Amino acid sequence: MTRRSVLPGFGLTLGLTLTWLSILILLPLACLFLKSAELGWSGFVDAVTSGRTLHALSVSFGIAFAAALVNLVGGVIVVWALTRYDFPGRRLFDAIVDIPFALPTAVAGIALSTLFGAKGWLGAPLAALGIKVAFTPLGIFVAMIFIGIPFVVRTVQPVLADLEPELEEAASSLGARRWQVITRVILPSLTPAILTGFALAFARAVGEYGSVIFIAGNLPNVSEIAPLLIVIRLSEFRYADATAIAVVMLVVAFLIIFVINRIQRWAQTRGAASY
């Protein structure tokens, strides 16, 4: 006897979903791999292992990872302040967190370049101390932090808001100190959300283009990011070389996010088992 699905229209819905995802995601990715295959294996290796390409990839992934780490720590602190404290202007600051979401990336890049330029409000004092931000890799770092912070905040904030205060009260009544409550009760519950926010911030930073190119300086082998190098290869009509770099970015980003998701799954399983 065939068992019927409880939900009506499951087959039609699943078919439409798979078709939609295939057209929007799988088909473009497949074309990316097919175009890069025109180079052949030796040509592909030459395209992605040149000194300029390797440096651009290391700048994009290395700085994106560092920026995501900073956003992880800073985002959790921001979430804690917005969720656990009531202070004047809290809703205003909560809304400010979403500005990088709504602000066009080019506008963000121009604003950061003006702010951290040699004569900017923050750039001038830093330049007096011998620290140059605009048009250096440090500027890329600042831009990636700017565009990544909302992902951590908005991922962790609802989880912390829904965390039952009775758990903290129970731990305190059993003699746990405040730091022990944070490290053994609160952080384990937030770990999956924190890792998700980190992965989203990292993925966003790796592919960022608009806000970075205005403050990076874009010097080959100094402050050139991989997305910019892809655009340069396209302008040179070297389409296969551009897709080869894109394939490497896609594969590396997928592997990193896959590892983070496995760690997140492990944290969720461990948290469920502890209860």
Side-chain angles (χ1 to χ4, degrees), residues 32 36 44-75 100 105-118 120 122-123 126-127 130-152 197-236 238-260:
L32 193 67
S36 63
F44 179 87
V45 172
D46 292 339
V48 301
T49 58
S50 65
R52 183 176 180 180
T53 301
L54 289 177
H55 189 275
L57 290 171
S58 65
V59 167
S60 290
F61 283 101
I63 298 181
F65 191 83
L69 287 177
V70 172
N71 281 330
L72 186 149
V73 177
T105 56
V107 176
I110 294 174
L112 291 173
S113 300
T114 304
L115 183 63
F116 288 97
L122 295 180
L126 291 174
I131 302 175
K132 185 178 180 181
V133 178
F135 315 123
T136 66
L138 184 57
I140 301 175
F141 181 65
V142 171
M144 288 183 175
I145 291 176
F146 176 82
I147 55 96
I149 187 68
F151 290 93
V152 178
F198 174 85
L200 292 174
F202 170 76
R204 179 71 172 84
V206 167
E208 179 60 16
Y209 178 77
S211 63
V212 172
I213 59 171
F214 285 97
I215 197 173
N218 308 319
L219 298 177
N221 298 317
V222 177
S223 59
E224 185 178 56
I225 58 174
L228 175 61
L229 184 57
I230 292 175
V231 173
I232 292 175
R233 292 290 181 257
L234 291 174
S235 66
E236 296 171 347
R238 298 167 59 179
Y239 300 120
D241 289 355
T243 55
I245 300 173
V247 165
V248 172
M249 292 189 67
L250 174 65
V251 172
V252 175
F254 175 81
L255 291 176
I256 294 175
I257 294 176
F258 176 78
V259 171
I260 294 173

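If you read the sequence from its start, that first residue is 1, and numbering goes on from there. On a predicted model such as this, the values are computed, not experimentally measured, just so you know.
- Side-chain contact check for Leu138 versus Lys132: every heavy-atom pair is 4.5 Å or farther apart.
- At distances below 3.5 Å, not a single donor-acceptor pair connects side-chain atoms of Ser60 with backbone N or O atoms of Leu57.
- Counting heavy atoms from C-beta on, the side chains of Thr105 and Tyr209 never come closer than 4.5 Å.
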Original post:
Could you go step by step and tell me if Phe146 and Phe141 meet the ring pair (Phe, Tyr, Trp, His ring centres under 6.0 Å) rule?
Top reply: CA-CA 9 Å; Phe146 176 82; Phe141 181 65; over 10 Å; no
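- With rounding to the nearest 0.5 Å, the separation of CG in Leu115 from CG in Leu122 is 4.0 Å.
- Counting all heavy atoms, side chain and backbone alike, Ala201 lies closest to Asn71 at CB-ND2, 4.4 Å.
- The heavy-atom pair separating Phe198 from Val152 by the smallest distance is N-CG2, 4.2 Å.
- In this structure, Phe202 and Phe65 have perpendicular ring planes: the angle between them is above 60°, well past the 30° mark.
- Separating the CD1 atom in Ile260 from the CG atom in Leu200 is a distance of 9.5 Å, to the nearest 0.5 Å.
- Once rounded to the nearest 0.5 Å, the distance linking CD1 of Ile213 with CD of Glu208 reads 9.0 Å.
- No side-chain heavy atom of Glu224 sits under 4.5 Å from any side-chain heavy atom of His55.
- Ser223 has its side chain out of reach of Thr136: every pair of non-hydrogen atoms, C-beta onward, lies at least 4.5 Å apart.
- Annotation: the span from Leu234 atom CG to Leu229 atom CG amounts to 9.5 Å, rounded to 0.5 Å.
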**OP:** Take Phe61 and Met249 through the test side chain to side chain contact (heavy atoms under 4.5 Å, CB included) and record every step on the way to the result.
**Re:** CA-CA 9 Å; Phe61 283 101; Met249 292 189 67; 4.2 Å; yes
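- A heavy-atom distance below 4.5 Å is not found between the side chains of Ile215 and Phe135.
- We find the CG-CD1 distance between Leu250 and Ile245 to be 13.5 Å, quoted to the nearest 0.5 Å.
- No donor-acceptor pair closer than 3.5 Å links the side chain of Thr53 to the backbone N or O of Thr49.
- Nearest heavy-atom pair, Ile140 versus Ala216, reported as atom, atom and distance to 0.1 Å: CG1-CB, 3.5 Å.
- No donor-acceptor pair under 3.5 Å is formed between the side chain of Asp241 and the backbone N or O of Arg233.
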